[in-house]
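Notes follow the structure.
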Amino acid sequence: MTNKIIVPNVILLSEVERMLKEGKQVTLRAKGNSMLPFIRNGRDSVMLTGKFQLQKGDIVLAKTNQGTFVLHRIIRLDEQTITLMGDGNLRGTETCERKDVFGKVTAILRNGKTINPYNPWNSWKSVCWIKLLPLRRYLLAIYRRL
């Protein structure tokens with residue numbers, strides 16, 4: 001029998017932020033559907049690092065300007081502000097300051113396999129997915145039924 005401890009996100013992610021700032025790697029179980037189809041709730045985990053350079057397309061753990069924590073993809077960045085959007089979201093974005101990004105996904109763990117989200121094939125898929133934003137509603141509906 002496995003014991004499961006449920007910790008509120010604000011407590012857990014504050015601790016994750018501290019650990020990443022100390023230079024540790026952290027692995028978190030994916031929660032929610034905002035990163036479908038690339039990261040799935042309950043099935044996948046993500047490995048995070050606190051040492052990174054940011055670029056468009058990166059999947060990051062950040063605290064938004066509204067004070068919530070999200071694991072979303074960077075769709076735009078400038079000198080100070082970063083715009084994020086979940087791959088499974090149909091509309092709506094979040095913004096944060098560069099200083100509020102405290103982790104970058106380095107790997108997705110799925111069924112005992114380690115997936116590099118930034119290899120050429122996965123990068124190409126994410127670029128295509130971003131461009132398919134107007135069709136996401138239909139593509140996600142099909143994906144969820146499979």
Side-chain angles (χ1 to χ4, degrees), residues 1-133 136-137 139-140 143-144 146:
M1 183 164 121
T2 305
N3 291 331
K4 191 182 250 188
I5 299 172
I6 299 173
V7 178
N9 271 353
V10 70
I11 294 170
L12 175 67
L13 295 175
S14 295
E15 184 64 16
V16 168
E17 179 180 12
R18 182 190 63 74
M19 293 171 71
L20 289 168
K21 285 180 179 178
E22 289 176 358
K24 297 176 181 169
Q25 274 198 332
V26 176
T27 301
L28 289 176
R29 170 79 63 186
K31 184 178 173 189
N33 293 313
S34 68
M35 285 302 290
L36 281 175
F38 300 107
I39 300 173
R40 241 174 94 185
N41 178 45
R43 177 190 70 181
D44 300 334
S45 295
V46 293
M47 194 177 290
L48 297 157
T49 184
K51 296 180 181 178
F52 52 81
Q53 290 192 346
L54 297 174
Q55 59 186 15
K56 186 176 176 180
D58 288 347
I59 303 169
V60 297
L61 183 60
K63 191 171 189 178
T64 69
N65 291 344
Q66 291 76 35
T68 58
F69 290 96
V70 295
L71 182 76
H72 283 171
R73 191 177 302 277
I74 295 174
I75 60 169
R76 187 176 25 245
L77 66 150
D78 61 33
E79 291 295 315
Q80 295 299 321
T81 306
I82 296 175
T83 305
L84 305 166
M85 183 177 200
D87 292 336
N89 293 350
L90 301 174
R91 67 177 98 64
T93 59
E94 302 87 19
T95 57
C96 67
E97 305 300 314
R98 282 183 179 262
K99 65 178 179 53
D100 293 322
V101 174
F102 53 91
K104 177 180 172 178
V105 172
T106 58
I108 300 168
L109 308 173
R110 177 179 301 147
N111 301 327
K113 296 179 184 174
T114 302
I115 299 164
N116 176 354
Y118 310 113
N119 70 25
W121 172 243
N122 288 329
S123 292
W124 180 82
K125 288 191 302 186
S126 69
V127 167
C128 288
W129 187 251
I130 290 168
K131 290 182 181 188
L132 289 171
L133 181 60
R136 272 190 202 175
R137 173 182 314 280
L139 297 171
L140 285 168
Y143 177 81
R144 287 182 176 130
L146 294 177

Quiz item: ring pair (Phe, Tyr, Trp, His ring centres under 6.0 Å): which pairs involve residues 86-117, sequence neighbours left out?
Solution: F69-F102
Quiz item: R76 versus M85: any side-chain heavy-atom pair under 4.5 Å?
Solution: no
Self-check item: Partners meeting side-chain contact (heavy atoms from CB on, under 4.5 Å) with L139 (sequence neighbours left out)
Solution: W129, L132, L135
Quiz item: In Å, rounded to the nearest 0.5 Å, how long is the span from NZ of K31 to CG of L12?
Solution: 8.5 Å
Self-check item: Main-chain N/O of M47 paired with T106 side-chain donor or acceptor, under 3.5 Å
Solution: yes
Quiz prompt | L13 and its side chain to side chain contact (heavy atoms under 4.5 Å, CB included) partner, picked from V26, L28, L71 | solution = L28
Practice problem: With sequence neighbours excluded, give me every ring pair (Phe, Tyr, Trp, His ring centres under 6.0 Å) pair touching residues 104-125. | Solution: W121-W124
Quiz item: For the atom pair CG (L109) and OG1 (T27), what is the distance rounded to the nearest 0.5 Å?
Solution: 5.5 Å
Quiz item: Which residue pairs satisfy the salt bridge (charged side-chain N to carboxylate O under 4.0 Å, His left out) criterion with at least one member in residues 59-73, sequence neighbours excluded?
Solution: R73-D87
Quiz prompt | Contacts of Q53 that satisfy side-chain hydrogen bond (donor to acceptor under 3.5 Å, both in side chains) - sequence neighbours left out | solution = none
Quiz item: Rounded to the nearest 0.5 Å, how far does CG of N65 lie from CD of E94?
Solution: 10.0 Å
Quiz item: Any donor and acceptor pair, going by atom type alone, linking the side chain of N33 with main-chain N or O of L36 inside 3.5 Å?
Solution: no
Quiz item: Mind checking what makes side-chain hydrogen bond (donor to acceptor under 3.5 Å, both in side chains) contact with T68, not counting sequence neighbours?
Solution: T64
Self-check item: Qualifying residues under side-chain hydrogen bond (donor to acceptor under 3.5 Å, both in side chains), relative to D44, sequence neighbours excluded
Solution: R110
Practice problem: To the nearest 0.5 angstrom, please state how far the CG atom of L48 sits from the CD atom of Q25. | Solution: 8.5 Å
Self-check item: Interatomic distance, K104 atom NZ to K51 atom NZ [nearest 0.5 angstrom]
Solution: 14.5 Å
Quiz item: Got I115 and N122 here, is their nearest side-chain heavy-atom distance under 4.5 Å?
Solution: yes
Self-check item: Side chain to side chain, D58 and L77, heavy atoms closer than 4.5 Å
Solution: no
Quiz item: Roughly how far, to the nearest 0.5 Å, is the CE atom of M35 from the CG atom of N89?
Solution: 9.0 Å
Practice problem: Dump the intermediate steps for side chain to side chain contact (heavy atoms under 4.5 Å, CB included) on L140 and L90, then the final yes or no. | Solution: CA-CA 9 Å; L140 285 168; L90 301 174; 3.9 Å; yes
Quiz item: Within a strict 4.5 Å, meaning less than it, do heavy atoms of the I74 and T83 side chains meet?
Solution: no
Exercise. For the residue pair K113 and I108, establish whether any side-chain heavy-atom pair is separated by less than 4.5 Å.
Key: no
Self-check item: Pairs involving residues 116-132, ordered by first then second residue, that meet salt bridge (charged side-chain N to carboxylate O under 4.0 Å, His left out) (sequence neighbours left out)
Solution: none
Exercise. Decide yes or no for I130 and R136: does some side-chain heavy atom of the first lie under 4.5 Å from some side-chain heavy atom of the second?
Key: yes
Self-check item: Residue list, side-chain hydrogen bond (donor to acceptor under 3.5 Å, both in side chains) with K21, at least two apart or on another chain
Solution: E17
Quiz item: Tell me the ring pair (Phe, Tyr, Trp, His ring centres under 6.0 Å) pairs involving residues 39-67, sequence neighbours left out?
Solution: none
Self-check item: Closest non-hydrogen atom pair, P117 against A107
Solution: CD-CA, 3.9 Å
Quiz prompt | By side-chain contact (heavy atoms from CB on, under 4.5 Å) - contacts of R18 (at least two apart) | solution = E15, E22
Quiz item: Applying ring pair (Phe, Tyr, Trp, His ring centres under 6.0 Å), which residue pairs with at least one partner in residues 71-100 are found, sequence neighbours left out?
Solution: none
